[in-house]
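Below: one structure, written as structure tokens.
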Amino acid sequence: MFRPPTHVAPASYMSFVLIWGLVALLPTAGLLLWSTLTMENFQIVWEPSLQAYRDVLSSGRWQVTIRTLEIAAIVTLIEILLAVPFALWLAKGTKSAGVRTVSLALLTIPFFLSLSSRTIVWRGVLGLNGPINAALLQLGIIQEPLDWLLFSQFSVILGLIGPYFPTMVFPLYLAFMLIDDEVLAASKDLGASPAFTFWNVIVPLGLPGLGAGIVFTFVPMIGDPVVPELLGGGNVVVLSASVQSLLRILNYTVASALSVLMLVILVAMISLVAAITARFAKGGL
Amino acid sequence: MTNTSQDRILEVKTLWHYYGNTPALRGIDLEARRGEFVTLLGPSGSGKSTLLRILAGLELPTDVNVMTLDGQDVSNIPANRRNVSTVFQHYGLFPHLNVRENVEYGLRARKVPAADRRERALKMLEQVQLSDFAERPIARLSGGQKQRVAIARSLVLEPVILLLDEPLGALDEKLRIDMQVELLELQRRLEMTFIYVTHSQEEALTMSDRILLMNDGDIVQTGTPEDMFDRPNSRFSASFMGVENLFDAKVVAVSDAGLTVEVNGASIEGVWTGASLPSVGETICCGFRSERVQIADDSTTSMNSLEGKLTSHIYKGKYLDLTYQTALGPIRMRSWQSHAAPTETARIAWHKDQTILCPKS
């Protein structure tokens with residue numbers, strides 16, 4: 001049975017806080033500390049400084065951060081547009097439990113394969129000699145093969161849509177499942193059109209799911225190194241690659257500063273999403 | 001009340017509804033007058049809720065000859081464009097809106113200006129004694145208050161008919177009885193047509209002007225509460241309306257005054273409640289209520305009477321439920337002298353005009 005945390009013996013939750021502090025908060029604190037130091041001849045200088053942050057802003061790494069956020073935002077938006085109708089259909093549209101189970105299973109099966117092997121397939125499809133270019137040439141729509149199909153921001157975005165679709169669908173599906181059928185029937189009965197019901201009942205009641213979906217989709221995508229590397233082909237440098245290259249040249253302080261900045265941006269965004277969700281879920285649109 | 005066409009607010013003729021190949025409603029005929037309280041009564045699965053959903057427009061019937069609401073054909077009009085409103089079993093209130101916003105919802109869907117809809121919502125909340133709760137979230141209401149919000153939310157739209165789908169089912173015993181009275185007073189005051197779905201014969205008898213008893217997708221009997229209680233016209237009706245003593249009987253004699261039947265060798269007289277009189281030798285159903293059975297005091301000819309031997313007695317507070325073994329079989333008797341010690345053997349009797357004789361099906 002669920003007991004509120006206040007009824008749990010202090011020893012048990014204090015031990016949890018302790019473990020959490022050790023495995024998650026301590027490294028973060030370390031990151032924060034390192035970002036305020038400088039390096040000379042690959043040696044940490046124990047002297048507070050904001051040099052690392054100045055380096056982040058003066059080098060091209062700031063643009064990389066912006067580009068990463070942009071790609072993640074575009075993909076998240078596409079996921080919302082795709083996942084909301086799909087999750088709504090899955091939760092409320094289909095009456096058959098079989099269809100529902102199969103659909104949910106199909107969403108998880110791709111995870112049995114590694115992300116790299118799923119992503120690499122796009123290379124063949126989008127390449128200069130791939131089926132898309134071949135078909136377009138054959139139909140006479142284009143004269144030259146399209147070179148922006150692969151190793152471009154386009155291919156990175158396309159490649160990210162698949163892996164991050166389920167993380168948007170599942171929370172939305174759960175939120176929509178929790179909407180009582182009677183509430184939807186009541187809306188119709190009270191004279192609401194389907195669009196009115198969607199915006200005034202389904203969206204406000206689905207907002208917690210949307211918030212969770214955004215967090216689970218947007219945040220991991222920021223740190224994803226696989227898809228941009230395989231489909232960006234060096235043309236689309238994202239944050240994870242940038243941090244990796246910094247670590248490769250043993251520039252720990254700038255890498256830390258970049259990570260801290262990213263953390264601040266993410267915490268700010270999640271707080272914003274949470275605040276909007278809470279506000280709309282309470283007051284309606 | 002006369003039954004002119006102006007009085008008739010709802011008319012349905014030969015309505016069929018299928019789920020796949022299974023008929024859920026089999027050729028229903030139904031009508032309701034202005035200001036009438038009509039109850040659809042029946043066991044679960046009898047189709048009463050489906051019928052209500054079709055009247056609401058939440059489902060469109062597979063096939064119907066006539067379906068008019070206030071003189072207009074509505075057979076193909078969906079719920080959001082039909083001038084009826086439903087109070088749902090679990091209320092179907094919007095959990096993210098407060099009481100006033102819930103009541104305003106239908107007006108908002110109809111694009112009524114904000115100030116106007118606010119005023120109408122508050123006036124309606126006053127009618128259901130919820131003025132002080134206008135800004136309260138739904139989660140912080142009691143069951144009875146939620147019920148009243150649901151009613152206010154429907155009534156503010158001024159529907160021609162209010163449909164109620166077992167609205168008291170989720171409430172506890174005491175509150176249910178209070179709400180019955182409250183609903184009935186509201187209906188009388190508004191002079192609005194209520195169509196009420198329930199599986200409780202007690203609720204139906206208390207509230208209705210007219211009861212439609214449903215079984216297996218069909219209306220099996222229609223009548224006033226008195227008709228339904230005293231003159232069920234089939235074994236199903238009798239059993240559903242709570243007639244405890246039911247026996248198979250063979251018709252011995254038919255006369256204008258009544259029927260004589262034979263049940264397990266005993267001769268019983270009673271009143272025929274079916275449509276056309278049965279013929280001699282036919283097997284019919286004989287029933288009488290346990291509360292009509294009494295210990296015979298003198299031998300009156302207006303009563304059926306039998307020797308019985310007490311086999312069980314159960315104390316129920318206000319009354320005693322006794323079972324006597326007789327030539328007919330076990331007969332249930334309700335004794336209102338709950339503290340009197342019942343005698344082991346007795347001659348029990350019940351009035352012939354309270355003995356129901358009806359077709360077996």
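First the proteins, then the strands, lettered A, B, ... as listed; each starts at 1.
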Note: R110(B) and L190(A) closest approach over all heavy atoms is NH1-O, 2.6 Å
Which answer fits L157(B), side chain, backbone, both or neither, if we ask what part of it has an atom under 4.5 Å from a heavy atom of chain A? side chain
Closest non-hydrogen atom pair between A192(A) and A109(B), with its separation: CA-CB, 3.9 Å
Flag the pair D180(A) / F88(B) as yes when at least one side-chain heavy-atom distance between them is below 4.5 Å, and no otherwise. no
Just wondering, more than 12 heavy atoms not from F111(A) lying within 6.0 Å of its CZ? yes
Are more than 12 heavy atoms from other residues, nucleotides or ligands located less than 6.0 Å from atom CZ of F198(A)? yes
When you measure from the side chain of R81(B) to the backbone N and O of S193(A), does any donor-acceptor pair fall under 3.5 Å? no
Just wondering, more than 12 heavy atoms not from Q63(A) lying within 6.0 Å of its CD? yes
Which heavy-atom pair separates H90(B) from E182(A) by the least distance, and what is that distance? N-OE1, 3.0 Å
Could you pull out the closest heavy-atom pair between G57(B) and K188(A), with the gap in Å? O-NZ, 4.2 Å
From Y105(B) OH over to D189(A) CG, what is the distance, rounded to the nearest 0.5 angstrom? 11.0 Å
L58(B) versus A185(A), closest heavy-atom pair with distance: CD2-O, 3.6 Å
Under the criterion side chain to side chain contact (heavy atoms under 4.5 Å, CB included), which of V183(A), N200(A), L205(A) is the partner of H96(B)? L205(A)
Would you indicate whether the side-chain heavy atoms of P95(B) and I179(A) approach each other to under 4.5 Å? no
Given that the side chain runs from C-beta out, which part of L107(B) has a heavy atom under 4.5 Å from chain A: side chain, backbone, both or neither? neither
Counting heavy atoms not belonging to E191(B), are there more than 12 under 6.0 Å from its CD? no
